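Read through the structure below, which is laid out as structure tokens, and then see the notes.
The shown structure was predicted, so the numbers you read here are calculated from the model rather than taken from an experiment.
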Amino acid sequence: MIYFITGNKDKFKEVQSILENVEQFDIDLDEIQEIDAKEIIKSKLREALKHKQENFIVEDTSLYLDCLNGLPGPLIKWFLKTIGSKGLFEITKKLGNNIAQAKTIIGYADKNGKINFFEGILNGKIVSPIGENGFGWDNIFMPKIQEKTFAQMTTQEKNEISMRRNALNKLKEFLDK
């Protein structure tokens with residue numbers, strides 16, 4: 001059994017569609033503020049192992065803007081809280097560079113505390129907010145391989161190409177060995 005630490009039911013459904021024997025574990029863990037997403041994940045996994053000795057997964061999905069040398073990265077939550085997705089679009093517009101990268105890193109810790117990381121990356125661009133589906137910055141991120149934002153896609157369309165799907169596929173391959 002693997003416990004996925006999240007309060008987000010949609011993320012859990014996506015994970016459940018790929019991994020067998022996964023359960024949602026909704027627990028509040030402190031999240032350190034760090035530019036390196038792996039350090040954030042490591043910290044959360046170590047804290048989770050203090051609660052019970054099980055196999056855990058934690059994920060971090062970040063948005064990296066070329067025009068800000070990779071910011072906001074794992075600090076995206078705070079950028080969205082202060083300037084919103086429209087503000088992120090305005091920054092890329094003013095700086096003349098809308099190239100972006102969406103990245104999901106999944107950390108897997110076994111009962112003994114050994115941690116492995118699995119990354120999924122999707123290149124794209126930031127566009128003016130459009131679309132109603134999804135959450136966060138879905139309405140401004142347009143994957144390179146698409147002509148619509150995540151927010152314009154159905155959940156199924158998004159899940160087929162998402163960076164989370166890519167990271168989960170790598171984790172599944174690791175677990176199936």
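Nearest heavy atoms, Lys11 versus Phe135: CE-CZ, 4.5 Å. The nearest pair of heavy atoms linking Gly107 to Ile41 is CA-CG2, 3.5 Å. Residues Thr92 and Asn98 approach most closely at CB-CA, 3.9 Å, considering heavy atoms. The minimum heavy-atom distance linking Ala167 with Gly120 is given by the pair CB-N, 3.6 Å. Here the closest heavy-atom approach between residue Cys67 and residue Ile91 is recorded as SG-CG2, 4.2 Å. Of all the heavy atoms in Ser128 and Ile140, the pair that sits closest is C-CG2, 4.5 Å.
Both Leu80 and Ile83 are members of a single hydrophobic cluster when ILVMFWY side chains are connected at heavy-atom separations under 4.5 Å. Criterion: ILVMFWY side-chain heavy atoms under 4.5 Å apart, direct or through other members. Under it, Leu122 and Leu168 are not part of a common hydrophobic cluster. Note: the hydrophobic cluster containing Phe174 also contains Ile18 (ILVMFWY, side chain heavy atoms under 4.5 Å, direct or indirect links). If you chain together hydrophobic residues whose side chains sit under 4.5 Å apart, Leu88 and Leu71 fall into the same group. Following chains of ILVMFWY side-chain contacts shorter than 4.5 Å, one cannot reach Val15 starting from Tyr3, and the two form parts of different hydrophobic clusters.
Listed by chain and number, the residues in a side chain to side chain contact (heavy atoms under 4.5 Å, CB included) with Ser43 are Ile32 (sequence neighbours excluded). Applying the ring-ring contact (aromatic ring centres under 6.0 Å, His included) criterion to Phe141, with sequence neighbours excluded, gives Trp137, Phe150. Glu173 is linked by a side-chain hydrogen bond (donor to acceptor under 3.5 Å, both in side chains) to nothing, counting only residues two or more places apart in sequence or in another chain. When the side-chain hydrogen bond (donor to acceptor under 3.5 Å, both in side chains) test is applied to Lys42, the partners found at least two apart in sequence or on another chain are Glu39. Considering only residues two or more places apart in sequence or on other chains, Lys52 meets the salt bridge (Lys or Arg N to Asp or Glu O under 4.0 Å) condition with none of them. Phe12 meets the ring-ring contact (aromatic ring centres under 6.0 Å, His included) test with no other residue; sequence neighbours excluded. Asn123 meets the side-chain hydrogen bond (donor to acceptor under 3.5 Å, both in side chains) test with Gln101; sequence neighbours excluded. The side-chain hydrogen bond (donor to acceptor under 3.5 Å, both in side chains) test applied to Ser62 returns Asp60, not counting sequence neighbours.
Distance alone, capped at 3.5 Å, places no donor-acceptor pair between the Glu119 side chain and the Phe117 backbone. Using modelled atom types, no side-chain atom of Asn21 and backbone atom of Met1 make a donor-acceptor pair closer than 3.5 Å. Gln24 places a side-chain N or O within 3.5 Å of a backbone atom of Thr6 that can act as its donor or acceptor partner. In this structure, the side chain of Asn112 does not engage the main chain of Lys114 through any donor-acceptor pair within 3.5 Å. Side-chain N or O atoms of Asp110 include none that pairs as donor or acceptor with a backbone N or O of Asn55 at under 3.5 Å. In this structure a side-chain-to-backbone donor-acceptor pair under 3.5 Å is present from Gln152 to Thr149.
Applying the salt bridge (Lys or Arg N to Asp or Glu O under 4.0 Å) definition to pairs two or more places apart or across chains, those involving residues 83-100 are Lys86-Glu90. Residues in residues 158-167 take part in these side chain to side chain donor-acceptor pair (under 3.5 Å) pairs, two or more places apart or across chains: Glu14-Ser162, Glu14-Arg164, Glu59-Arg164, Thr61-Arg164, Asp138-Lys158, Gln156-Glu160. Residues in residues 139-157 take part in these salt bridge (Lys or Arg N to Asp or Glu O under 4.0 Å) pairs, two or more places apart or across chains: Lys148-Glu157.
With rounding to the nearest 0.5 Å, the separation of CE in Met163 from OG1 in Thr104 is 4.5 Å. To the nearest 0.5 Å, atom CZ of residue Phe4 and atom CD of residue Glu23 are 13.5 Å apart. How far CD of Glu34 is from CD1 of Ile40: 6.5 Å, rounded to the nearest 0.5 Å. Rounded to the nearest 0.5 angstrom, Leu95 CG and Leu68 CG are separated by 6.0 Å. In this structure, NZ on Lys111 lies 10.5 Å from CD1 on Ile2, to the nearest 0.5 angstrom. Interatomic distance, Ile57 CD1 to Ile106 CD1, rounded to the nearest 0.5 Å: 6.0 Å.
Other residues sharing a hydrophobic cluster with Met142 under the 4.5 Å side-chain heavy-atom criterion for ILVMFWY residues are Val127.
Counting heavy-atom neighbours within 6.0 Å of Asp176 CG, excluding the residue itself, gives a total above 12. Enclosure of atom NZ in Lys125 is not indicated, since only 12 or fewer non-hydrogen atoms of other residues, nucleotides or ligands lie within 6.0 angstrom.
Between Tyr108 and Ile115, every side-chain heavy-atom pair lies at or beyond the 4.5 Å cut-off. Ile5 has its side chain out of reach of Lys44: every pair of non-hydrogen atoms, C-beta onward, lies at least 4.5 Å apart. Between Pro129 and Phe89, some side-chain heavy-atom pair lies under the 4.5 Å cut-off.
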(Q) Go through it in stages, so that I can follow the logic: the residues are Leu19 and Leu175, the test is side-chain contact (heavy atoms from CB on, under 4.5 Å), and I'd like the CA-CA distance, side-chain angles, deciding distance and then a yes or no. (A) CA-CA 9 Å; Leu19 299 178; Leu175 294 171; 4.1 Å; yes
Q | Asn139 and Ser85: CA distance, side-chain angles, deciding distance, side-chain hydrogen bond (donor to acceptor under 3.5 Å, both in side chains) verdict | A | CA-CA 7 Å; Asn139 64 344; Ser85 59; 3.0 Å; yes
Q: Carefully, step by step, assess Leu75 and Ile35 under the rule side-chain contact (heavy atoms from CB on, under 4.5 Å).
A: CA-CA 7 Å; Leu75 304 173; Ile35 200 70; 4.1 Å; yes
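Centroid-to-centroid, the aromatic rings of Phe56 and Phe25 come within less than 6.0 Å.
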